[in-house]
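The block underneath contains the structure these notes are about, expressed in structure tokens.
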Amino acid sequence: MIVTRFAPSPTGALHIGGARTALFSWLLAKHSGGKFLLRIEDTDRERSTEENTKQILDSLLWLGLDWVDKPIKQSMRYDVYNAQVERLLEEGKAYYCSCSPEEVEAMREEARAKGLKPKYNGKCRELGLGPAPHHVVRFKTPHTGKTVYEDMVKGTVAWDNSELDDMIIRRTDGWPTYNLAVVCDDHDQGVTHVLRGDDHVNNTPRQILLYEALGYELPKFGHVPMILGPDKKKLSKRHGARSVLEYELDGMLPEALINYLARLGWSCGDQEIFSIQELIEKFSTQHLNKSAAAFDPDKLLWLNSQHIKEASDDRLASLLAGQLAMLGIGGSDASCISYLKKIIPLYKPRAKTMKEMAEAAAFFVLPDRELKYDDKAVSKFLTEEIKPHLKTLAEKFEALETFDQPSLEAVVQAYLDETGLKFKVLAQPLRVALTGGTVSPGLFETMEVLGKDSTLARLHRALGMLRGE
RNA sequence: GUCCCCAUCGUCUAGCCUGGUCCAGGACACCGGCCUUUCACGCCGGCGACAGGGGUUCAAAUCCCCUUGGGGACGCCA
């Protein structure tokens, strides 16, 4: 069975790069009915926080990337790691080192000066030092040979072992370093496929060597390329490095973000729009791209609009309620929700985000008396010569028994036939009167949803404004 | 600097493994048109790329080499 994992370190919020690696790992597991695990890598005691951990879990949940079992935390496995470090020590595969950070830095400088790769020079390797408070433990990296592996996305990758130095596996504070902890955890959790960011490629040979030293079976490794900003530079706060939760606040649908992230670096022929289910069915590491991809906010927006069209009215109504609440409008009671549900179909084809929908549909929800009229629109369309027509129309609407689209349309059409006017002449004035602005869904559907009372109240209010009231 | 990786329209990508069907296909964005009651949606059309140079071959986007460009790593961070 395929077992994958996502192992964030809670030193910040989950951003889209991390979300995408999590997604790919999740898909890899789901595709084959395997398990997707979660692990919190919080051995950096200083920068890891509970808030970040919670935020990351919330983000994953919002995206729908659910995991099996309780997430393990590295901070709770001190003894486990140290048992392995002791074992390596006993087996002569690791040794104590007394070199200070300054000394090591000097060694690196020396190597750099010679045009070589900066490394620890192995000074304590054969000294047979014992434990002491200021001693770290280093791994005895083979000096010769090659470390080669088959990357799930990159293909064969190889290093000369001489490129590597004797890495620290236990710090002076007794905690293990990343590479050791990861190897122990992935082994103990039964992880079979490690899919992670490109920045970990260089850790892979070190980890492979540790796997071998510990006598563990190797998992498969895969490294997904980084996400770049729209400017092809490293992702910054400005474009996509925002947290996943911010996308929710902006009115993105989780499935849209998932769809976008999936297509960024992965493809399935020419298909652009995927449901979560389709992604699970069609995902394969075979089609993961090898090169870095730039984040394109426009395409995300387009995908979001596509997914909005597919989402149910019920769900969108409650999301809309949430967005309106953020704007300080409306309530979330049942009657309000059922009203919003009638609004949704009018905006499904035109909204790119739920936030945008809320802003555009606010006029529906605002009480008639609080509707704000756009000055420019009023002076341009609510003119003196249009007034009699709006007044007559209001009277005709009032007489209607069934206040729905066909009846409204019939009334207006009859009036047009009677007066010889073009609908164009009446449409914008009506729209301004009812919505306060010049942009809205179709007039008749808008009126039907507003209902007779609101429609008339707004028409009268607009008429009143004409008189300068 | 050293090592690792990458390179198709502005962007995401298909094609590359298993050379010919590719004077390179799709999508976003952009431009034009249609539809139209505003804004959208939708539909139709347009613009637009194999980084450069050498090979191999009857034939290269596809295979090989070099150059250039980009990214990553080189921590008692993960």
Side-chain angles (χ1 to χ4, degrees), chain A residues 7-11 41-44 46-48 74 97 99-101 104-105 108 111-120 134 136-138 151 153-155 157-160 162-165 167-179 181-182 196-205 223 225-226 228 230 232-234 260 263-273 286-287 289-303 305 309 346-352 360 377 381 412 422-428 430-432 435 437-444:
Chain A
S9 74
T11 51
E41 308 215 321
D42 55 353
T43 49
D44 183 342
E46 291 187 4
R47 293 188 300 156
S48 301
Q74 292 189 326
C97 167
C99 297
S100 68
V104 177
E105 187 44 46
R108 294 199 182 101
R112 235 186 296 259
K114 288 183 192 160
L116 299 171
K117 180 175 269 190
K119 296 193 300 184
Y120 169 70
H134 62 285
V136 296
V137 176
R138 287 184 183 272
D151 194 285
V153 350
K154 295 177 178 301
V157 187
W159 288 264
D160 277 329
S162 57
E163 286 295 327
L164 281 16
D165 64 358
M167 65 180 146
I168 293 177
I169 54 177
R170 183 164 74 197
R171 305 189 261 240
T172 48
D173 66 3
W175 282 92
T177 53
Y178 168 75
N179 283 122
V182 166
R196 79 240 289 202
D198 224 350
D199 46 339
H200 285 295
V201 182
N202 292 276
N203 284 321
T204 309
H223 294 88
M226 316 251 78
L228 274 26
K232 281 277 187 182
K233 295 266 162 52
K234 201 166 180 176
Y260 178 72
R263 273 292 283 108
L264 194 61
W266 175 82
S267 60
C268 184
D270 284 339
Q271 188 171 351
E272 296 287 351
I273 301 173
Q286 303 287 317
H287 290 98
N289 224 90
K290 292 182 188 178
S291 50
F295 179 79
D296 179 3
D298 284 330
K299 191 155 184 182
L300 206 209
L301 245 22
W302 174 75
L303 272 170
S305 72
K309 293 189 212 324
L346 313 200
Y347 282 97
K348 261 189 173 175
R350 53 195 103 221
K352 281 197 158 62
F381 293 108
V412 172
K422 290 276 184 210
F423 185 44
K424 260 187 169 35
V425 180
L426 293 177
Q428 283 304 70
L430 262 175
R431 176 166 283 115
V432 174
T435 71
T438 54
V439 176
S440 83
L443 270 179
F444 301 114

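The chains referred to below are lettered A, B, ... by the order of the sequence lines, with proteins before strands, and numbering in each begins at 1.
Partner assigned to B:A14 is none, using Watson-Crick or G-U wobble distances below 3.5 angstrom. Both distances falling under 3.5 Å, in either a Watson-Crick or a G-U wobble arrangement, place B:C30 opposite B:G46. Pairing of B:C58, defined by two Watson-Crick or G-U wobble distances under 3.5 Å, is identified with B:G20. Remark: B:U2 base-pairs with B:A73. Criterion, Watson-Crick or G-U wobble with two distances under 3.5 Å. Pairing partner, B:U68: B:A7, with both Watson-Crick or wobble hydrogen-bond distances short of 3.5 Å.
A:K290 has a side-chain polar atom (N or O) that falls below the 4.0 Å cut-off from OP1 or OP2 of B:C6. In this model, the phosphate group of B:A14 is approached by a side-chain N or O of A:N289 to a distance below 4.0 Å at OP1 or OP2.
Side-chain contact, A:H134 with A:S100: no donor N or O sits under 3.5 Å from an acceptor N or O. In this model, a donor atom of one side chain and an acceptor atom of the other lie less than 3.5 Å apart for A:N289 and A:S291. A donor-acceptor pair shorter than 3.5 Å cannot be found between the side chains of A:R350 and A:S440. For A:H223 and A:D151, the side-chain atoms include at least one donor-acceptor pair closer than 3.5 Å.
On the C1' atoms, B:U21 is 38 Å away from B:C4, given to the nearest whole Å. With both ends at atom P, the span from B:C22 to B:C12 equals 25 Å, rounded to whole Å. Straight-line distance between the P atoms of B:U56 and B:U13: roughly 34 Å, to the nearest whole Å. Across B:U62 and B:G15, the matching P atoms stand 15 Å from one another, rounded to whole Å. Taking atom P in both B:C23 and B:C39, the straight-line distance is 42 Å, to the nearest Å. Between the C1' atoms of B:A27 and B:A49, the separation comes to 15 Å (whole Å). B:G53 and B:C47 are spaced 25 Å apart, taking the P atom of each and rounding to whole Å. Separation of the P atoms belonging to B:G45 and B:C5 is 44 Å when rounded to the nearest angstrom.
At the heavy-atom level, A:R170 lies nowhere under 4.0 Å from the strands shown. At a threshold of 4.0 angstrom between heavy atoms, the contacts of A:P205 with the nucleic acid are absent. Using a 4.0 Å heavy-atom cutoff across all strands shown, A:K114 reaches no nucleic acid atom at all. Nucleic acid contact class of A:S291 (heavy atoms, under 4.0 Å, all strands): sugar-phosphate only. In this structure, A:L264 reaches the sugar-phosphate backbone alone: every heavy-atom distance under 4.0 Å involves primed, P, OP1 or OP2 atoms, never a base. Counting non-hydrogen atoms under 4.0 angstrom, A:C97 reaches nothing in the nucleic acid. Within 4.0 Å (heavy atoms only), A:A181 reaches no atom of the nucleic acid at all.
Spacing between atom CD of A:Q286 and atom P of B:G15 amounts to 11 Å, rounded to whole angstrom units. Atoms CG (A:L164) and C1' (B:C4) sit 11 Å apart, rounded to a whole Å. Atom CZ in A:F444 sits about 8 Å away from atom C1' in B:U37, given to the nearest Å. If you measure from atom CG of A:L300 to atom P of B:A29, you get 12 Å, rounded to the nearest angstrom. Computed from coordinates, the A:R108 CZ to B:A73 P distance equals 15 Å when rounded to whole Å. Separating the CE atom of A:M167 from the P atom of B:A78 is a distance of 13 Å, rounded to the nearest angstrom. In this structure, the CD atom of A:Q428 is 12 Å from the C1' atom of B:U36, given to the nearest Å. Regarding A:R263, its CZ atom lies at a distance of 7 Å from the P atom of B:U13, rounded to whole Å.
Between the base of B:G26 and the side chain of A:E272 there is a donor-acceptor pair shorter than 3.5 Å. No donor-acceptor contact under 3.5 Å links the side chain of A:D199 to the base of B:G72. With hydrogens and angles ignored, no donor-acceptor pair under 3.5 angstrom links the side chain of A:R350 to the base of B:C41. Under 3.5 Å, the side chain of A:R431 and the base of B:U37 form at least one donor-acceptor pair of N or O atoms. Side chain A:T177 to base B:C76: no donor-acceptor pair is found below 3.5 Å. Between the base of B:A78 and the side chain of A:D42 there is no donor-acceptor pair shorter than 3.5 Å.
In terms of modelled atom types and a separation under 3.5 Å, the side chain of A:D42 and the main chain of A:S48 share no donor-acceptor contact. Put simply, the side chain of A:Y347 gets close to the backbone of A:A360: a donor and an acceptor are under 3.5 Å apart. A distance-only check finds a donor-acceptor pair linking the side chain of A:Q271 to the backbone of A:I273 [under 3.5 Å].
Set against B:A27, B:A78, B:C76, the side chain of A:D44 has B:A78 as its closest nucleotide. Side-chain proximity of A:K232 to B:C4, B:C12, B:U38: nearest is B:C12. Side-chain proximity of A:P101 to the nucleotides B:G1, B:A7, B:C76 is greatest for B:C76. Comparing atom distances between the A:T172 side chain and each of B:C76, B:U38, B:C3 picks out B:C76 as nearest. The side chain of A:S267 lies closest to B:U13, out of B:U13, B:G26, B:A78. The listed nucleotides are B:G72, B:A78, B:G25; the one nearest the side chain of A:D270 is B:G25. Each of B:C12, B:U37, B:C3 was ranked by its minimum atom distance to the side chain of A:N202; first place goes to B:C3. Taking every side-chain heavy atom of A:W159 into account, B:C3 is the closest of B:C3, B:G26, B:C76.
Checking A:V104 against A:E163, the closest nucleotide of RNA chain B that is more toward the 5' end is the one next to A:E163. Mapping A:W266 and A:D165 onto RNA chain B by nearest heavy atom places A:W266 closer to the 5' end of the strand.
The aromatic rings of A:F295 and A:Y260 lie perpendicular to each other, with more than 60° between the two planes, well past the 30° mark.
Taking a cutoff of 4.0 Å between a charged side-chain nitrogen and a carboxylate oxygen, A:D165 and A:R138 do not qualify as a salt bridge.
Here NZ of A:K299 is found 13.0 Å from CG of A:L301. Values are rounded to the nearest 0.5 Å.
Its glycosidic angle being more than 90° from 0, B:C58 falls on the anti side.
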